[in-house]
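My questions will all concern the structure given below.
Keep in mind it's a predicted model, so treat the numbers as computed, not measured.
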Amino acid sequence: MRKAQRGDGRTSVSGYVVRFALWVPIAIVTARTPARADDTVTLTQRVFAPSSPAAPFQSFFGDARRLAASTTPAWSSADGDLSAWGPALILPLLGPGVAKESVLALAAPLEAEGTAPLLLFRTLGLYAAKSRVPFTETPTLRTAVSRNLRTLERATRDLEGLTANRDLSGWGSIGAGAWLAYLELLYRDYFELEDPGAARWNADGMRVLDELLVRGRLPTGGFRGDPRDDAMSLWPTALAMHALVKAYENEAMVKYESAAIGAARALDGLRADDGSYFTNNARAERDPRANAYLANALLLLFKDTGDPQYRDRAVLVLRWLTTGAGAATSARDAALSSHVAWLTLLLDSLASKPYENLLGRRPMRVAVELDAPSTRRVDAMAAQLRPPGFRYREMFDAILHMLIEHVPQSNGDFAYDYGDAPGYAASVLLGGGDKTMASQIVQRQESLLAWPRPRDFDEISFGAEALLAAYDHPDVVDATAADSALRRYLLLSGGLAAADRFYFDWLDRFTNGGGFEYGPTVIGAQIATSQLRYAERFPDRRVGWVLQPLQVGSALIHGADELAWDPARHVYRAQPDSDTVRLLPNAMMIIDLLLANAVTHDASYLARAEETAAGMDALWDDKRGAYFASSEQLGDDAYQSLSTNSYAALALLRLAEATSKPASRDRALRIFDFIGRDLYADGIVYHHLARGRRATGDIWCTGCNWRVLNELAELARLAK
């Protein structure tokens, strides 16, 4: 592709762009000028700051950037991984004002069908294109990616045939399976807001990965190429690390992080003196491509653990690839050159930018969209939700700005949550005077509850909070329509409760604890909350002429009392046969007990809430001012999560209000202090603290952040 230097320091990409004009005219778009049909697409001149770990690779990056631009037409015909790493490098370098149509035109050749080996790479290129227009409906990209994943699923039935391809040499069936899992797990980040079936690909990616952990992982923590192999090799281990890190991002389960760390540790035996890695235990050869994929995995692991040793190892590999023995291959191989240049781009991004839309980072909105509240409006919302001298003002305001301005959202739905964000968000938004986003949330919950078939039980369970909030804001949302939808949910969930004998052990077995091994006590407590919140407002009202929410909520509490209460330890078990003390079911049950006490004025509910709070002392970490998630996660395996501690803080805050005992409020404040000190950073509250280290990178969820705002707003109201 012809290149010409411009006075503004950018490199224009022209010449071969004409080939793309057969589909869509490609425009040159700069940050300053509108698109014109006779323009060409420009690439920004990325200059790494002197303090950036990517700075030593500036010269290589510039050369690779020019080479990658010249190979753009080959994306459609490359039989190797150029179709992955060429787009990964080029697309994020397009000028910030490039139109969606121009990006899609560049990506159009990647949408063509192809053989399974080619689709392993081309699909990654499509994700790179999507990251450039991440929050716009892109049906052609979504269709192509879904089709590719289906094709790859079929191809994995013959893994030996699949891995016979030259560019998959050394991957083995375990490596190929891991890369497929990685591609499936990526789907949710890019299409969750467009595709209601996105969870299907995530679930399948998790299934494949869990099978590979059984069939492919060695006792050392590394991975074999094929189930019959006895020795670890670089390719399958590096590829498995990609899938493990992505599973950790999607599920926030420490076991996948631990497996990725174990795989990185196992590779120590393959390290050369210059920081590169040998292909296998024979230590006879070093494959530049395999080293690039490993550097990729190490950077992703660094992103989500914050442990600099993984970044430093990746930097050593990059040095080998750019100035060491691997440099000659990197210079002449356009695919490898693009991959290495993209690695330097990712390395710089992780060091200097809180968020940036490029492959390898969870896509975010980088600017306020036209229909979103302005920064000034968010400031006004924050001021309405908390007093000027609020103890947690800085954290509160920063999270609110991040969630409204930068987290992807569409028509009342939020990315990177587990169905729980809308319920918590609506209350905060309505309390802050929002009249747009909250209304969309409520309307979405109404549509999910529409007859004849309610959809997404997890989201409508949490979304009931949004419908309840609508009662207090009839000037913003249609409270009558919200009431109708809420009654449908109460009838559905109450009917399920009655069918399951008011303790959800059958539903728990059917859904694996709601998909996260929560257990029937948590499921019942979640449903009881909505029933009791409705009863708090309408104590005698029935739904469906049969069910009375107060009776349903009370029956669910009594069901947990009969089957899950542990009188010796004064706690609720997550399952009747569990010997582990867990924080989440107890915090949620305290919330329900306090609601039941408020509605019925039955002092036994309040007494049981106080008894449960005392039982939770077994999990209290006085040093940090937070609870451990369970009695199995103490000491060296210490794990303290945002989700469980935020529920506990709310339970204690309400317990203090009900009893007028300051000790519970003081403990709640210590938990909020813990959240602000140990989990919060740069506008995000991260998911957990594990073994003394805070999760970083993409290990956070939208719903938990909205919950923190919801609880802090309640704290602010109580303080008035």
Side-chain angles (χ1 to χ4, degrees), residues 1-4 11-28 40-44 46 60-94 98 101-132 140-141 144-145 147-148 151-152 165-169 179 183 287-290 292-293 296 321 326 328-345 358-359:
M1 183 172 287
R2 180 173 59 85
K3 304 171 291 297
T11 301
S12 68
V13 181
S14 56
Y16 285 104
V17 164
V18 175
R19 296 181 56 168
F20 297 115
L22 296 173
W23 293 278
V24 179
I26 300 298
I28 286 195
T40 57
V41 177
T42 62
L43 299 183
T44 58
R46 182 69 169 258
F60 176 88
F61 178 82
D63 293 341
R65 173 174 163 274
R66 287 187 289 272
L67 177 60
S70 69
T71 59
T72 306
W75 293 358
S76 62
S77 58
D79 59 0
D81 54 3
L82 178 63
S83 58
W85 305 115
L89 175 62
I90 291 296
L91 289 165
L93 293 177
L94 296 180
V98 171
E101 291 74 20
S102 298
V103 177
L104 295 179
L106 281 169
L110 299 171
E111 297 172 9
E113 295 188 39
T115 62
L118 175 58
L119 297 183
L120 284 170
F121 306 121
R122 189 177 284 172
T123 304
L124 197 68
L126 291 170
Y127 284 132
K130 179 61 177 172
S131 71
R132 191 60 180 79
T140 59
L141 291 178
V145 170
R147 182 205 64 220
N148 290 359
T151 301
L152 290 169
N165 178 274
R166 173 179 60 84
D167 286 285
L168 304 184
S169 176
W179 194 251
L183 293 176
D287 183 339
R289 287 182 64 240
Y293 277 78
N296 192 343
L321 287 166
T329 305
S330 300
R332 67 173 180 267
D333 184 332
L336 179 59
S337 175
S338 296
H339 191 175
V340 176
W342 172 77
L343 290 170
T344 65
L345 192 65
L358 71 157
L359 189 69

Query - Which atom of Leu126 lies closest to which atom of Ala144, heavy atoms considered - result: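 In this case the closest contact between Leu126 and Ala144 is CD1-CB, 3.8 Å.
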
**Report entry** Residue pairs involving residues 105-130 (criterion ring pair (Phe, Tyr, Trp, His ring centres under 6.0 Å); sequence neighbours excluded)
**Finding:**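 Sorted result for residues 105-130: Phe121-Trp171, Tyr127-Tyr190.
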
**Report entry** OG1 on Thr44 to CG on Leu94, rounded to 0.5 Å
**Finding:**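 Here the rounded value is 8.0 Å.
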
Query raised in the report: side chain to side chain contact (heavy atoms under 4.5 Å, CB included) between Phe61 and Val340: does it pass, once the steps are laid out?
Result: CA-CA 8 Å; Phe61 178 82; Val340 176; over 6 Å; no

Query raised in the report: Between the main-chain N or O of Ala128 and the side-chain N or O of Ser131, is there a donor-acceptor pair closer than 3.5 Å?
Result: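 The answer is yes, because a donor-acceptor pair under 3.5 Å joins these two groups.
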
Query - Leu321/Phe60 under side chain to side chain contact (heavy atoms under 4.5 Å, CB included): CA gap, chis, key distance, verdict - result: CA-CA 10 Å; Leu321 287 166; Phe60 176 88; over 6 Å; no

Query raised in the report: Considering all heavy atoms of both residues, which atom of Pro288 and which atom of Leu336 are nearest to each other, and what is their separation?
Result: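 That would be CB-CD2, 3.7 Å.
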
Show me the donor-acceptor pairs, under 3.5 Å and distance only, between side chains in residues 107-120 and residues at least two apart or in other chains.
residue: Glu111; atom: OE2; partner: Thr140; partner atom: OG1; Å: 3.4

**Report entry** Polar side-chain atom of Ser337 near backbone of Asp333 as donor-acceptor pair, under 3.5 Å
**Finding:**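 Looks like no, no N/O pair under 3.5 Å.
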
Query raised in the report: Do Trp179 and Leu124 have side chains that get closer than 4.5 Å, going by heavy atoms?
Result: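 When only atoms from C-beta onward are counted, Leu124 and Trp179 do touch, with a gap below 4.5 Å.
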
**Report entry** Spatial distance of atom CG (Leu359) from atom NZ (Lys130) [nearest 0.5 Å]
**Finding:**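 That separation rounds to 14.0 Å.
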
Requested in this report: Tell me, with the steps shown, if Asn296 and Trp342 meet side chain to side chain contact (heavy atoms under 4.5 Å, CB included).
Outcome: CA-CA 9 Å; Asn296 192 343; Trp342 172 77; 3.4 Å; yes

Report task. Rounded to the nearest 0.5 Å, what's the gap from CZ on Arg332 to CG on Leu67? Could you check? Result ->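 Atom-to-atom, Arg332:CZ and Leu67:CG are 12.5 Å apart.
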
Do any side-chain atoms of residues 80-89 form donor-acceptor pairs under 3.5 angstrom with protein atoms, and if so which ones, sequence neighbours left out?
residue: Asp81; atom: OD2; partner: Arg289; partner atom: NH2; Å: 3.2
residue: Asp81; atom: OD2; partner: Tyr293; partner atom: OH; Å: 2.9
residue: Trp85; atom: NE1; partner: Tyr293; partner atom: OH; Å: 3.1
residue: Trp85; atom: NE1; partner: His339; partner atom: ND1; Å: 3.4

Requested in this report: Quick one: closest heavy-atom pair of Ala68 and Thr71, and the distance?
Outcome: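 Scanning both residues, the minimum pair turns out to be O-OG1, 2.9 Å.
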
Query raised in the report: Arg65 pairs by side chain to side chain contact (heavy atoms under 4.5 Å, CB included) with which of Leu43, Ile90, Leu345?
Result: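 It is Leu43; the other options fail the test.
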
